> 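Got a structure for you, questions after.
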Number of protein chains: 2
Amino acid sequence: MSVQLACASCGRALEPADRGRPRLYCSRACQARAYRARRAQTPARVPVSDDGARHLTVERIVRAGIVVADAEGLDALSMRRVAMELGTGTMSLYRHVASKDDLVTLMVEAAMADVPLPDSPPRNWRHGLERAACRDWELYHRHPWILSRVMVTTRAYFSPALAADSESAFSSFDGLGLESADAFRYMFMFASYVQGVALILVSDAEAERQSRIAAKQETQASGHAQDPLYEPGAYPRLARAMRAGADPWDLDALFVSGLAGVLDGIAADLTRRGIDV
Amino acid sequence: MSVQLACASCGRALEPADRGRPRLYCSRACQARAYRARRAQTPARVPVSDDGARHLTVERIVRAGIVVADAEGLDALSMRRVAMELGTGTMSLYRHVASKDDLVTLMVEAAMADVPLPDSPPRNWRHGLERAACRDWELYHRHPWILSRVMVTTRAYFSPALAADSESAFSSFDGLGLESADAFRYMFMFASYVQGVALILVSDAEAERQSRIAAKQETQASGHAQDPLYEPGAYPRLARAMRAGADPWDLDALFVSGLAGVLDGIAADLTRRGIDV
DNA sequence: ACCCGGATGCGTACTTTGTACGCAACGATG
DNA sequence: CATCGTTGCGTACAAAGTACGCATCCGGGT
């Protein structure tokens, strides 16, 4: 009398192999399911790359995703779109990427590596923060869509690239003998400002893309002409400010000017604590 | 010989009415299409409310949308969900709202009306901006999802509620004899900071909801325990700051402290220009 | 009384997304 | 050569937005 064997995946009865080693699964499908379950434990994000050049790799997928997102925005990024970009089937991507969410996370990490962190120590804290702000600004210019993850990543997930960015900016305060909590407050204010401006930059980029699409479809866009802001009736201060030199926003100049203000605010607090530069 | 009549909508041949006034459309469907086309010209957002109490109105739909978005986040807001909330069919909503996008826009306008603007003139510019910041902060606390539109609304669309908010904050600089462009720069810095912090507030709220859902599904969440930030190796400054009093973020306190810094920055610039308070 | 058009509610169906599932094929290895 | 790890991908399903058109109610002119 022999033991009744069961499929290791579905548990159904399993007739023993007629010769050779014993069977483990009742079907190829069950084998695949077992493999998938095993793989779920260790995501194996790094491809084995034993042969060195495979058709589909995480890197290629992530790069294709970045190309699409840069060109058409994060809204246009779909798994089918990425697959089309690579000339493969949609579901093939899922062998290398756990989900679309995972893909975007990887894209953000990769995109942030495009703009290098400063490697020399800053001359002083102000220089350090200005350098950090410039780096972020450059990042948001190149890849506006990363902001959608920066907002989510704040505390929910851990991102090496983001942590390295913060750490680098943090190092601006080295040697000032600052309390950690104070340095954190300064960083909070600084990062909030930068993110806030990035929000405007991103929505500007999106609006421009939208209007470009609209302009392509119908020749004349309704445009800025009858913008209610420009009628001085209801919102006089806003209208005046909009007209006074701020009409075609020079977002870069505004960013720099606001940044100077934020840094002045930090300087004032430092002075108040007697930690003058 | 009589003129060949055509349907006013589809243009197909139309046999004349056997009695009474002549027909306009070949079918009820064409009539409805013509009505829709006419309505597209004048959106008629305000319901006629001739009887005073109709089942479905824009207000009820918008209110239901706000309830859903407040409770379950903007991601959970779907037309079917709102319809379910109201006990009607999904497509009924489209008689009162042009699209989901339109609904969200209306929701933002309505939600912003929940927190009133200050009606007295501010004591000084600093007081005015603090008041404005408090109002925004309260808004984002109550309806975190409005941020998703504030970012889009920046320049692309016009929003009365948002314009009123800006205008009110702008009025803080009245009487200082400031150049419009300077006032705009200050406003830009101020608004960017507030939006930046709001981004963190919103993503915190979202993360909390997510973890609440996760905790409901599986009893133990993986949680903060093995957060790589807390291992002091790779990101020492970040880890130290996180431990030093910033672990359960007091976002309100951080907001106020950063706001003070931003206002100090404006004050420094005012002093530099000889426009001391 | 009657009928037509304005207006509203809503069922059906199509599109676009993410993605679960399982088959087929390829290479290595016993 | 049978088996297994691995990869590619076709099929299919679930959600979500929404176009379309039918049914219905109401008010006003004939």
Side-chain angles (χ1 to χ4, degrees), chain A residues 8-10 17-40 44 47-51 54-58 61 74-84 86-104, chain B residues 8-10 17-40 42 44 47-51 54-58 60-61 74-84 86-104:
Chain A
S9 174
C10 65
D18 19 38
R19 70 166 176 273
R21 74 177 57 180
R23 304 173 60 101
L24 278 178
Y25 308 102
C26 64
S27 72
R28 207 56 221 267
C30 283
Q31 173 220 334
R33 174 163 48 240
Y35 166 62
R36 232 176 300 123
R38 214 174 317 121
R39 200 177 57 119
V48 266
S49 91
D50 32 31
D51 58 340
R54 236 194 342 240
H55 181 52
L56 225 48
T57 59
V58 198
I61 295 176
L74 201 56
D75 286 344
L77 184 85
S78 71
M79 298 307 272
R80 291 173 223 262
R81 181 73 184 76
V82 172
M84 196 196 313
L86 291 168
T88 68
T90 307
M91 294 313 291
S92 308
L93 306 179
Y94 284 91
R95 289 279 177 210
H96 306 265
V97 162
S99 63
K100 183 186 181 182
D101 194 79
D102 188 35
L103 170 60
V104 176
Chain B
S9 175
C10 65
D18 19 38
R19 69 166 176 272
R21 73 177 59 180
R23 304 171 61 100
L24 279 176
Y25 307 103
C26 63
S27 72
R28 207 57 222 265
C30 283
Q31 173 220 331
R33 174 164 47 240
Y35 166 63
R36 232 175 299 123
R38 214 173 317 118
R39 201 177 57 120
T42 66
V48 265
S49 91
D50 33 29
D51 59 340
R54 238 201 336 251
H55 181 55
L56 225 50
T57 60
V58 197
R60 284 199 64 203
I61 296 175
L74 201 57
D75 286 345
L77 184 86
S78 71
M79 299 306 273
R80 292 173 223 261
R81 181 74 184 74
V82 173
M84 197 195 313
L86 291 169
T88 67
T90 307
M91 294 314 290
S92 308
L93 306 179
Y94 285 90
R95 287 283 176 209
H96 305 266
V97 162
S99 64
K100 183 185 182 183
D101 194 78
D102 188 35
L103 170 60
V104 176

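Predicted model, so just to flag it, every value in this text is computed and none were measured.
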> Can you name the nearest heavy-atom pair linking A:I61 to A:H96, along with the distance?
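The pair with the smallest heavy-atom distance is CD1-CB, 3.8 Å.
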
> Answer yes or no: does a side-chain N or O of A:H96 lie under 4.0 Å from OP1 or OP2 of D:dG8?
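For A:H96, the contact criterion (side-chain N or O under 4.0 Å from OP1 or OP2 of D:dG8) is met.
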
> Can you measure from CZ (A:R95) to CG (A:L56) and round to the nearest 0.5 angstrom?
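These two atoms lie 11.0 Å from each other.
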
> Closer than 4.0 Å, any side-chain N/O of B:S92 to the OP1 or OP2 of C:dC10?
yes

> Which one, C:dC23, C:dC10, C:dT19, comes nearest to the side chain of A:T90?
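Between C:dC23, C:dC10, C:dT19, the one nearest the side chain of A:T90 would be C:dT19.
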
> Would you kindly give the CG-to-P distance between B:L86 and C:dT8, to the nearest whole Å?
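Rounded to whole Å, this separation is 16 Å.
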
> Can you measure B:R95 atom CZ to D:dG21 atom P for me and round it to whole angstrom units?
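For the pair B:R95 CZ and D:dG21 P, the rounded distance is 12 Å.
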
> How many Å lie between CG on A:L93 and P on C:dT17, as a whole number?
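It works out to 14 Å between those atoms.
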
> Using nucleotides 14-16 of chain D, report all nitrogen or oxygen pairs with the protein that are shorter than 3.5 Å.
| residue | atom | partner | partner atom | Å |
| --- | --- | --- | --- | --- |
| D:dA16 | N7 | B:R80 | NH2 | 3.2 |

> Can you tell me which nucleotide in C:dG11, D:dG17, D:dT7 comes closest to the side chain of B:Y94?
D:dG17

> Tell me the bend of the helix from C:dA1-D:dT30 to C:dG30-D:dC1 as the angle between end helix axes, each from five pairs, rounded to the nearest 10 degrees.
40°

> For residues 86-93 of chain B, tabulate all N or O donor-acceptor pairs below 3.5 Å that involve a side-chain atom, not counting sequence neighbours.
| residue | atom | partner | partner atom | Å |
| --- | --- | --- | --- | --- |
| B:S92 | OG | B:G89 | O | 3.3 |

> Can you name the closest pair of heavy atoms from B:V82 and B:L103 and give their distance?
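Taking B:V82 first and B:L103 second, the nearest heavy atoms are CG2-CD2, 4.4 Å.
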
> Could you check how far CZ of B:R60 sits from P of C:dG9, rounded to whole Å?
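Atom CZ in B:R60 sits about 10 Å away from atom P in C:dG9.
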
> With the side chain of A:M91 defined as its heavy atoms from C-beta on, choose the nearest nucleotide among D:dC22, D:dT11, D:dG8.
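When the side chain of A:M91 is considered, D:dT11 is the closest of D:dC22, D:dT11, D:dG8.
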
> Quickly work out the A:R81 CZ to C:dG18 P distance and round it to whole Å.
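It is 12 Å, rounded to the nearest whole Å.
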
